[in-house]
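Working notes for the structure below.
Indexing begins at 1, ligand by ligand and atom by atom, following the structure's order.
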Amino acid sequence: MDGYVPGEQPRDRRYIKLNTNENPYPPSPRVLEALRRAVSDDLRLYPDPTATDLRDKAAEVYGVLPDRIVVGNGSDDLLGMLFRACVDGDDGSVAYAVPTYSLYDTLALIQGAEPKTVPYPADFVLPVDDLVALGARLTIVCSPNSPSGTLAPLSAIDDLARRARGLVVVDEAYVDFAKETALSLLARRPNVVVLRTFSKSFSLAGMRVGLAFASPDVIHQLGKVKDSYNLDRLSLVAARAALDDCAWMQANVAKVQTARTELIAQLRELGFRVLPSDANFVFAESPTHAGEELYRKLREAGILVRYFADADLRAGVRITVGMPDENSALVAALRSFATH
Ligand SMILES: *Cc1c(COP(=O)(O)O)cnc(C)c1O
């Protein structure tokens, strides 16, 4: 099998890094203070295996009871737990619309499963009927989707959850940059699982923390396949402190949203086809360069973006929204390619 290929993390810090959807702004100063306090002799002790303090705080922030929450070492860990719990070589274990986050393919292959996929249409409207028809034990909806940036409306996810045979996992890694979340479905759809991460909106990709929200029964089953100590002491402290300062995250999200609007307008002015985005990145197709070629030229100019070799994605690149000066440098480089 092929393994998952993460985006490049260059050792040379001079690159303008718009390739892995990290937040360009730093985490809350409160997170750094809490981490400094947590660096102590207590590190000789194992961390809390059930992350009680973090789950209690998350329950308060998201209005969900703690027995409906499990924490992961990033939401990738939570996806791994879901696949371990639900997916095997049986036909129709897992289904999703493509193109989407390619880790789902890898996790399916690890379980010995062939994922059932349906294509997204060109406008990325969620193909609910096709997904329901597959009848999978696990149906995944990435919303906002990567790499398209498009959001599945709550009504479509609700419709899917109501009609699906198995669990519906909503991967909301980018939802803080979007208009709406599926969290409200938890109260009436016991088969819904919502995944969140601290990596994007909270600027904590380096700490590896995610949250899963689901019915108490699903949470109980996931506990059986979880590594006991999947989060270390420092990650637990950092995530808790981040939730104590949601205003910091929201202020950074607002800056990214403003920059996103501006970047999309500038790219369209240069003749790019840009999908509407509810995330902290945009998927854009150049009028003159294929994705890989554009990636190479930008790399030479010191700017990293992400391209995908898949037939349905190779015309474009995915660009993370950066700081205003980084976005300006990107647009200037693209403008120079158009005229030379
Ligand atoms: C970034 C990302 C994740 C994983 O985030 P971590 O919490 O860093 O593991 C999950 N799903 C999607 C779609 C992502 O883009």
Side-chain angles (χ1 to χ4, degrees), residues 3-9 17-24 27 31 51 54 58 69-84 94 96-108 110 115 117 120 124 126 138-152 157 168-178 181-182 193-213 222 226-227 230-232 235-236 238-239 242-243 249 253 256 260 275 277-283 305-306 308 310 313 317-321:
Y4 178 72
V5 183
E8 183 181 357
Q9 296 291 348
K17 198 171 173 307
L18 307 178
N19 66 333
T20 51
N21 299 342
E22 287 135 334
N23 198 311
V31 170
L54 174 56
I69 303 173
V70 64
V71 305
N73 194 292
S75 49
D76 287 352
D77 181 34
L78 296 163
L79 285 163
M81 285 155 58
L82 282 158
F83 275 74
R84 285 204 291 282
V94 57
Y96 40 86
V98 289
T100 189
Y101 187 32
S102 67
L103 179 68
Y104 308 151
D105 291 340
T106 309
L107 294 174
I110 290 171
T117 60
Y120 270 112
F124 281 87
L126 189 69
L138 198 65
T139 302
I140 307 177
V141 178
C142 187
S143 179
N145 186 44
S146 179
S148 61
T150 48
L151 185 79
I157 296 172
V168 172
V169 177
V170 192
D171 183 345
E172 293 196 335
Y174 300 100
V175 85
D176 287 323
F177 301 98
T181 154
V193 182
V194 176
L195 302 183
R196 294 291 187 89
T197 175
F198 287 78
S199 296
K200 286 34 186 269
S201 57
F202 284 100
S203 312
L204 287 173
M207 289 307 303
R208 316 302 306 127
V209 189
L211 300 172
F213 300 89
L222 291 177
K226 180 177 96 61
D227 281 349
N230 62 337
L231 260 74
D232 62 76
S235 304
L236 290 170
L243 289 179
M249 175 275 282
V253 163
V256 169
R260 176 180 73 198
L275 287 166
S277 171
D278 267 281
N280 66 337
F281 58 84
V282 300
F283 191 81
V305 299
R306 189 103 192 244
F308 304 88
D310 318 42
L313 296 171
V317 292
R318 191 190 67 187
I319 306 167
T320 307
V321 179

With sequence neighbours excluded, tell me which residues meet salt bridge (Lys or Arg N to Asp or Glu O under 4.0 Å) with D105. none

Passing candidate, side-chain contact (heavy atoms from CB on, under 4.5 Å) with E172, options V194, L211, L151: V194

Test applied, side-chain contact (heavy atoms from CB on, under 4.5 Å); reference residue, L79; option that passes from L107, L138, T106: L107

What are the atom names and distances for all N or O pairs under 3.5 Å between ligand 1 and the protein?
residue: ligand 1; atom: 5 (O); partner: S75; partner atom: OG; Å: 3.3
residue: ligand 1; atom: 7 (O); partner: S75; partner atom: N; Å: 2.6
residue: ligand 1; atom: 7 (O); partner: S75; partner atom: OG; Å: 3.2
residue: ligand 1; atom: 7 (O); partner: T197; partner atom: OG1; Å: 2.5
residue: ligand 1; atom: 7 (O); partner: S199; partner atom: OG; Å: 3.4
residue: ligand 1; atom: 8 (O); partner: S199; partner atom: OG; Å: 2.6
residue: ligand 1; atom: 8 (O); partner: R208; partner atom: NH1; Å: 2.7
residue: ligand 1; atom: 8 (O); partner: R208; partner atom: NH2; Å: 3.4
residue: ligand 1; atom: 9 (O); partner: S75; partner atom: N; Å: 3.2
residue: ligand 1; atom: 9 (O); partner: D76; partner atom: N; Å: 3.0
residue: ligand 1; atom: 9 (O); partner: D76; partner atom: OD1; Å: 3.4
residue: ligand 1; atom: 9 (O); partner: D76; partner atom: OD2; Å: 3.4
residue: ligand 1; atom: 9 (O); partner: R208; partner atom: NH2; Å: 2.8
residue: ligand 1; atom: 11 (N); partner: D171; partner atom: OD1; Å: 3.3
residue: ligand 1; atom: 11 (N); partner: D171; partner atom: OD2; Å: 2.7
residue: ligand 1; atom: 15 (O); partner: Y174; partner atom: OH; Å: 2.5
residue: ligand 1; atom: 15 (O); partner: K200; partner atom: NZ; Å: 3.0

Would a line drawn from the ring center of Y101 to the ring center of Y104 be shorter than 6.0 Å? yes

Partners meeting side-chain contact (heavy atoms from CB on, under 4.5 Å) with A152 (sequence neighbours left out): L126, V141, S143, I157

Under the side-chain hydrogen bond (donor to acceptor under 3.5 Å, both in side chains) test, which residues partner S75, sequence neighbours left out? none

